[in-house]
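All remarks here apply to the structure that follows.
All chains are named by letter (A, B, ...) in the order of the sequence lines, taking the proteins before the strands, and each is independently numbered beginning at 1. As the structure is a computational prediction, the values presented were derived from the model and not from experiment.
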Protein chains: 2
Amino acid sequence: MYRIGELAQLCEVRTDTLRFYEKHGLLSPSSRTDSGYRIYTEADAERLRFILRAKAVGFTLAEIAELLSIELDKSNWACADVKGLVDDKLANVEAKIAELNHFQLSLQRLSQACCGGPESAEHCSILEALESSTENIRCENHSHTHDDAQFTKTCQDKSAVKNTQEK
Amino acid sequence: MYRIGELAQLCEVRTDTLRFYEKHGLLSPSSRTDSGYRIYTEADAERLRFILRAKAVGFTLAEIAELLSIELDKSNWACADVKGLVDDKLANVEAKIAELNHFQLSLQRLSQACCGGPESAEHCSILEALESSTENIRCENHSHTHDDAQFTKTCQDKSAVKNTQEK
DNA sequence: CTTGACCTTGGATACAACTCCAAGGTTTAT
DNA sequence: ATAAACCTTGGAGTTGTATCCAAGGTCAAG
């Protein structure tokens, strides 16, 4: 039997988070004291751990609510249903990874093209790329032309410019 | 010279988005008609394209605002400043990728452990993993024990259960 | 001169997952 | 008996990126 603060400490969440989960139907205390304090049982704690584990593999709270409803009524669901949720999530995660990989590649190319020195940014390859090239930033049309000339070219005036930079 | 709807169509954004960018200091029309209509010049369109390209490589609008302020005053900034922004973003993106890769791995393991068949979910490996294992879901403590016995085990009752599944 | 397409503004709504706050009640320790 | 630490509720705020709406003004065509 835990009071809200105890359960929170045990599972390393905030009390606010527990109330938030309650409001959203994920976890309600099994009972209340006469004065209205929430009382959580060990089973409640287990349910919370289930939620946290599901969060740890990337499920949103809405998805976790679905998992919990299956969990409470397992015999009326098939493995296929559960696996479906996991596979949908997996596809979802993989799509996000693909997008981020695209960002990563573009950023790497931009970074490599820039000397990164104390020279004036007037001829900075990064800014130039953002000013004009779309194809070379988004690598969506895989043209395979290997024309990364634009990206290996660095800042033109490496010769001292001695600009005072105020940031 | 474009009216808001024309520029929006040209760059494939909503007019609302252009007003939103204006409200947030990213892009203001160069002038207005007597009746108050926004008038965008070709330079404004270029600035919008800069914004959209920066978005395409993963920058947030706040970061883009920073890039734009450099863009407008290039000579007072160094390549190092620009490259710094890109490299910070890159680190940021890579951290997100790492997190998602972790999700992906966990989800793959869960998926592989489950038969995915029409059997009752009463002994579903996925639910069991969420009920009890934390270490096997989060692969944070790289124990390298290769104990994926828990993950290769599939649903126990492949023998017909014939549960009617209502979803 | 009316219809429809366009434009204006300010403000509301949406999503996710909290986090914080104020005003007040309860429990525990001294 | 009183202070500290806990708890309650309802509601507002956060971050990011828009999207939608209502009430009204403008413009071109027929």
Side-chain angles (χ1 to χ4, degrees), chain A residues 1-40 44 48 50-68 88-89 92-93 95-96 99-100 103, chain B residues 1-40 44 48 50-68 88-89 92-93 95-96 99-100 103:
Chain A
M1 300 297 213
Y2 310 101
R3 283 190 310 181
I4 195 168
E6 291 166 344
L7 180 59
Q9 195 166 24
L10 187 65
C11 293
E12 296 175 281
V13 296
R14 307 287 193 98
T15 55
D16 277 330
T17 302
L18 294 179
R19 292 192 200 96
F20 177 79
Y21 286 171
E22 183 175 347
K23 188 159 47 179
H24 288 71
L26 293 170
L27 176 70
S28 295
S30 291
S31 57
R32 297 269 188 151
T33 64
D34 290 349
S35 57
Y37 283 21
R38 290 170 176 81
I39 295 294
Y40 297 90
D44 296 330
L48 175 56
F50 183 103
I51 293 168
L52 298 177
R53 281 179 211 117
K55 255 175 66 72
V57 303
F59 285 109
T60 65
L61 298 188
E63 290 158 348
I64 293 170
E66 216 172 337
L67 283 169
L68 283 168
D88 284 355
K89 189 69 202 178
N92 187 296
V93 164
K96 273 188 212 149
E99 185 186 22
L100 289 175
F103 289 165
Chain B
M1 300 298 214
Y2 310 101
R3 283 190 309 181
I4 194 168
E6 292 166 344
L7 180 59
Q9 195 167 23
L10 187 65
C11 293
E12 297 175 277
V13 296
R14 308 288 193 100
T15 55
D16 277 331
T17 302
L18 294 179
R19 292 192 200 96
F20 176 78
Y21 287 172
E22 182 175 347
K23 187 159 50 179
H24 288 71
L26 292 171
L27 176 71
S28 295
S30 290
S31 56
R32 297 268 186 150
T33 64
D34 289 348
S35 57
Y37 284 20
R38 289 170 178 80
I39 294 295
Y40 297 90
D44 295 330
L48 176 56
F50 183 103
I51 293 168
L52 297 178
R53 282 179 209 117
K55 256 175 66 71
V57 302
F59 285 108
T60 65
L61 298 187
E63 290 158 348
I64 293 170
E66 217 172 336
L67 283 169
L68 283 168
D88 285 354
K89 189 70 202 177
N92 188 295
V93 164
K96 272 188 213 150
E99 187 187 19
L100 289 175
F103 288 166

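- For Arg14(A) and dC20(C), the shortest distance from a side-chain N or O to OP1 or OP2 is below 4.0 Å.
- Distances shown here put every side-chain N or O of Arg19(A) at or beyond 4.0 Å from the OP1 or OP2 atom of dG11(D).
- With rounding to whole Å, Ile4(B) atom CD1 is found 10 Å from dT8(C) atom C1'.
- Residue-to-nucleotide proximity on DNA chain D shows that, of Asp16(B) and Thr33(B), the 5′-proximal contact is made by Asp16(B).
- If you measure from atom CG of Asn92(A) to atom C1' of dC15(C), you get 14 Å, rounded to the nearest angstrom.
- Dashed line: the shortest gap from a side-chain N or O of Ser35(A) to OP1 or OP2 of dT27(C) is under 4.0 Å.
- Relative to the side chain of Phe20(B), the nucleotides dA18(D), dT8(C), dT9(D) differ in distance, and dA18(D) lies closest.
- Summarising the geometry, the separation between CG on Leu7(A) and P on dC6(D) is reported as 15 Å, rounded to the nearest angstrom.
- Of the listed nucleotides (dA17(C), dC27(D), dA18(D)), dA18(D) has the atom at the smallest distance from the side chain of Lys55(B).
- In this structure, Leu52(A) atom CG and dA17(C) atom C1' are separated by 13 Å, rounded to whole Å.
- One finds the OH atom of Tyr40(B) at 4.0 Å from the CD1 atom of Ile4(B) (value rounded to the nearest 0.5 Å).
- One distance of note links CZ of Phe103(A) with NZ of Lys55(B); it measures 8.0 Å at 0.5 Å rounding.
- Here the C1' atom of nucleotide dA18(D) and the CD atom of Glu12(B) are 17 Å apart, to the nearest Å.
- Atom-to-atom, OH of Tyr2(B) to C1' of dC6(C) comes out at 18 Å; the value is rounded to the nearest Å.
- Which of dC20(D), dT8(D), dA18(D) sits closest to the side chain of Thr17(B) comes down to dA18(D).
- The neighbour count for Glu22(B) CD, taken as heavy atoms of other residues, nucleotides or ligands under 6.0 Å away, is above 12.
- Residues Thr15(A) and Thr60(B) both approach DNA chain D. Their nearest nucleotides, taken by heavy-atom distance, put Thr15(A) toward the 5′ side.
- Each of Arg38(B) and Tyr37(A) has a nearest nucleotide on DNA chain C; the 5'-most of these lies closest to Arg38(B).
- Applying the 4.0 Å criterion to OP1 and OP2 of dC6(D), one finds that Arg3(A) has every side-chain N and O outside that range.
- Separating the CD atom in Glu66(B) from the CG atom in Asp88(B) is a distance of 9.0 Å, to the nearest 0.5 Å.
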- For Leu52(B) and Cys11(B), what are the C-alpha separation, side-chain angles and deciding distance, and is it a side chain to side chain contact (heavy atoms under 4.5 Å, CB included)? CA-CA 9 Å; Leu52(B) 297 178; Cys11(B) 293; 4.0 Å; yes
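- Here dA16(C) presents its C1' atom at 13 Å from NZ of Lys23(A), a figure rounded to the nearest Å.
- In this structure, Arg32(A) atom CZ and dC6(D) atom C1' are separated by 15 Å, rounded to whole Å.
- When distances run from any side-chain atom of Leu61(A) to the nucleotides dA17(C), dT19(D), dC7(D), the shortest one goes to dA17(C).
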